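Bear in mind that the values here come from a model prediction, so they are computed numbers and not experimental data.
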Amino acid sequence: MSHNGQWYADADSFTSETMKNLDEYIAKTDKVDNFITLTRSIVSAPKGFGKTLLLKYARRKIVNSSSARSVIAIPSAIELDSFPCSLPYNHKLSECLHDYSIWIQLWEVSIGFSVIAAYCNKLKDSTLLVQILEECTDNRFDQIKCHREIKKISNLLSQPNKEISSNTLLTVNPSETLSSLLDISPNLLDKYLKVVLRATHQACLSVKRPVYVFIDRTDEGITDYPEREIWNNAQNGIVGAVFNLTRSTGQIKVFASIRKEAWDACKDEKKGQYCDNVVELSYTNIELKDIFEHAIRVYEDEKTLMRNGRQLNSTVEKFIGFTEVENPYGNENEQPFDYMLRHIVPRPRDLIVLGRHIHNAAVEGNLTLNKFVEIVNEIPATHVANQYFMEAFRFTETLKDTSLVRVWSLMRKNVLFKSELIEICAQYNREKTDCIAKKGQSCVDCKGANKIFSDLYRIGIIGNIIEKHHGTDSGDLVQNFQAPGSIPEGVIPDSSIYLLHPAMDYYIKIINGNSSYAPVRGVIVGHGKTWSNKHEILALLRFTRDQFNFARLEGDIKIMDAYQNLESAIIESSDVDTLVETSEKFKQTVVTNNNSTDGIKDAAGFVSNILGSVDKIQSLLPNLA
């Protein structure tokens, strides 16, 4: 079934018509199946992994089941409840919300009230509401201004013998109750919750019909409270609340989404027990390709899959129309999907966004190979700059206070030696503090600087080189970028080489206007790509070239010609003897043509550094791979 290229990148974009066939949009993986089969009810994942879509699917599956007539679904008027609370910042409340146990109680009471109110409304019987009201409004709470949901119940029960009529709707969503609870004085909230919680639990035990609650976007709540601990507690609290509510009764089931970043930070001693109810979404590269191919089958028709009558093998190739992409900075071709995957933050949403733009180009008749490359270079770059960084600010110490435009203006390439990264950081922070790393000290001990590269590493924009099988003796090296949502603590790990995510190439050079920026030729950057002596040599060679940016040598045209000959020879993998001969010619050209060194401080040292790099290159050539 084709949907003419709509390519829905956000679950909220689905129309009422497409919602009827929601099942066909979901690409099944083992972890997705754990959720959509209703085996587990909490889904944990970073943004862009499809949490909202899965929640909507779970609700549709339940309310459309054969036993749906006896099912009570909360919320009733909309698909999912959410928590968009914009309370003004309150210092005392902030102190209260740092207490993780308070959040468990808040969610238990909020969900419990919703369940009981909906259940009583379904039965047209206010007995359970009377029971709660008697507990919640006794003399101990005369001093407390009851929240609006208690008022609704109180007004209704002022005539307790009056039957609840069909036009008296007590549809109270958990988010409404939670928002109202947070209006209570922080000094009284803890005391209030303990008594209300007891009454709520007791009433929930009397629920005799299946009640399903669907809660989404807890990560977007209390936006005026920037503390990450409160953000974590608000989400992990719902997991604890669900555990407490559902273990005592089989009639209540709560489906909810939380962010991976919060779940990873959960320190509850019961987390091991909670895990039985939590699906942690993650996708391998193969699964991401399956998701993209599934989307192609759903959204495209034969017209958009035909490219000048050519018969192509894979679904991706049929959609894009090409079997290979030539990388302008390397001497190897890539499959189209691999090229896409390198340039995005690897999550389903980003693939769907690319799919939409590729579809539009195909419909317009201008999906050439160059157009495909342009789309894949440009769209992730603007997405990362405009959205991904904003999403990541909560998890970084410095980025929200950093002028990233200035950071990018200092970048010249995508492969940097440690000394170069230190130099950029020192330039950026020169007005704040002296760089202690230049003095041989550890960045861990730096107190005054914005640790920009540590934060960029933590969110997967700066990468490093690691052993392929960490902890083994394999010796194989690969490029490593942090996956979305992983957010490790601490500073950037020590590495001889650091890498910039390919999504930033287009942004820095075109959008940021840094005309001096250019990726290192012969090195294809991407998570999981191998790192060999050849790449090390090319990085060193580019390092020597960058030295020319700071000086003018007599005969520099000859030097640059010799440099380009050596670079091309290495990229094309000539035999070792030829490479040694070519590198020696480059070395001699530098020595011969450095007679005039106007403007160069310590000219002898300058040339010595270049020759030292060439010597190291020659030492690596015998093991070129």
Side-chain angles (χ1 to χ4, degrees), residues 324-334 373 411-417 419-420 465 477 479 496-497 499-500 502 505 509 514-526 529-600 602-625:
E324 287 187 324
V325 178
E326 182 179 352
N327 191 296
Y329 301 110
N331 194 36
E332 61 182 276
N333 295 340
E334 296 178 89
V373 170
M411 303 287 277
R412 298 289 180 267
K413 55 188 176 179
N414 60 341
V415 181
L416 300 125
F417 287 96
S419 61
E420 295 176 291
I465 306 297
L477 300 178
Q479 302 174 41
S496 60
I497 293 284
L499 309 153
L500 183 66
D505 290 345
K509 189 170 182 64
N514 186 348
S515 58
S516 63
Y517 178 88
V520 174
R521 286 192 65 218
V523 179
I524 295 181
V525 174
K529 301 289 286 184
T530 59
W531 184 262
S532 65
N533 278 344
K534 178 178 179 178
H535 300 129
E536 189 89 12
I537 290 169
L538 289 166
L540 275 166
L541 194 56
R542 173 62 184 275
F543 178 79
T544 66
R545 173 191 163 182
D546 289 343
Q547 307 308 303
F548 303 143
N549 291 332
F550 303 102
R552 297 288 296 176
L553 294 177
E554 183 179 315
D556 61 344
I557 294 177
K558 294 180 180 179
I559 291 175
M560 287 306 297
D561 285 344
Y563 164 85
Q564 289 170 355
N565 288 337
L566 177 56
E567 182 184 63
S568 296
I570 293 170
I571 291 174
E572 293 166 7
S573 297
S574 302
D575 65 271
V576 173
D577 290 341
T578 300
L579 291 176
V580 171
E581 181 182 342
T582 307
S583 65
E584 191 63 35
K585 287 181 180 178
F586 172 64
K587 186 175 181 179
Q588 292 304 318
T589 303
V590 172
V591 172
T592 304
N593 290 274
N594 76 95
N595 300 324
S596 175
T597 53
D598 294 340
I600 305 177
D602 188 16
F606 173 79
V607 174
S608 176
N609 286 338
I610 293 177
L611 299 182
S613 295
V614 178
D615 288 341
K616 187 170 182 181
I617 288 171
Q618 291 180 334
S619 71
L620 292 171
L621 286 176
N623 297 315
L624 186 67

Gap between atom CG of Leu620 and atom CD1 of Ile537 - 0.5 Å precision:
5.0 Å
I'd like to check Trp531 versus Val415 (side-chain heavy atoms, cut-off strictly below 4.5 Å). Are they in contact?
yes
Is any side-chain heavy atom of Leu541 less than 4.5 Å from a side-chain heavy atom of Val520?
no
Atom CG in Leu540, atom CZ in Arg542: separation rounded to 0.5 Å?
13.0 Å
Identify, with sequence neighbours excluded, every residue that meets salt bridge (charged side-chain N to carboxylate O under 4.0 Å, His left out) alongside Glu581.
Lys585
Only counting residues at least two apart or in another chain, list the ones meeting side chain to side chain donor-acceptor pair (under 3.5 Å) with Glu584.
Gln588, Gln618
With sequence neighbours excluded, residues passing salt bridge (charged side-chain N to carboxylate O under 4.0 Å, His left out) with Lys509
none
Taken to the nearest 0.5 Å, the spacing of Met560 CE from Thr589 OG1 works out to 12.0 Å
Results of side chain to side chain donor-acceptor pair (under 3.5 Å) for Glu567 - residues two or more places apart only
Arg521, Tyr563
Run the side chain to side chain contact (heavy atoms under 4.5 Å, CB included) test against Thr530 and tell me which residues pass, sequence neighbours left out.
His535
Counting C-beta onward and ignoring hydrogens, is there a side-chain heavy-atom pair between Leu621 and Ser583 closer than 4.5 Å?
yes
Test of understanding: with side chain to side chain contact (heavy atoms under 4.5 Å, CB included), list the residues that count as partners of Asp577, not counting sequence neighbours.
Asp575
Can a salt bridge be assigned to the pair Asp546 and Arg412 using a cut-off of 4.0 Å between side-chain N and carboxylate O?
no
Set of residues satisfying side chain to side chain donor-acceptor pair (under 3.5 Å) with respect to Asn414, sequence neighbours excluded
none
The criterion is side chain to side chain contact (heavy atoms under 4.5 Å, CB included); which residues satisfy it with Lys529, sequence neighbours excluded?
Glu332, Glu334, Arg342, Gln479, Ile524
Test log, rule side chain to side chain contact (heavy atoms under 4.5 Å, CB included), inputs Lys413 and Leu500
CA-CA 8 Å; Lys413 55 188 176 179; Leu500 183 66; over 6 Å; no
In short, Ile570 meets Lys534 closest at the heavy-atom pair O-CE, 3.2 Å
Here's a test for you: under side-chain contact (heavy atoms from CB on, under 4.5 Å), which of Leu566, Val523, Asn533 qualifies with Leu538?
Val523
Residues in side chain to side chain donor-acceptor pair (under 3.5 Å) contact with Asp561, at least two apart in sequence or another chain:
none
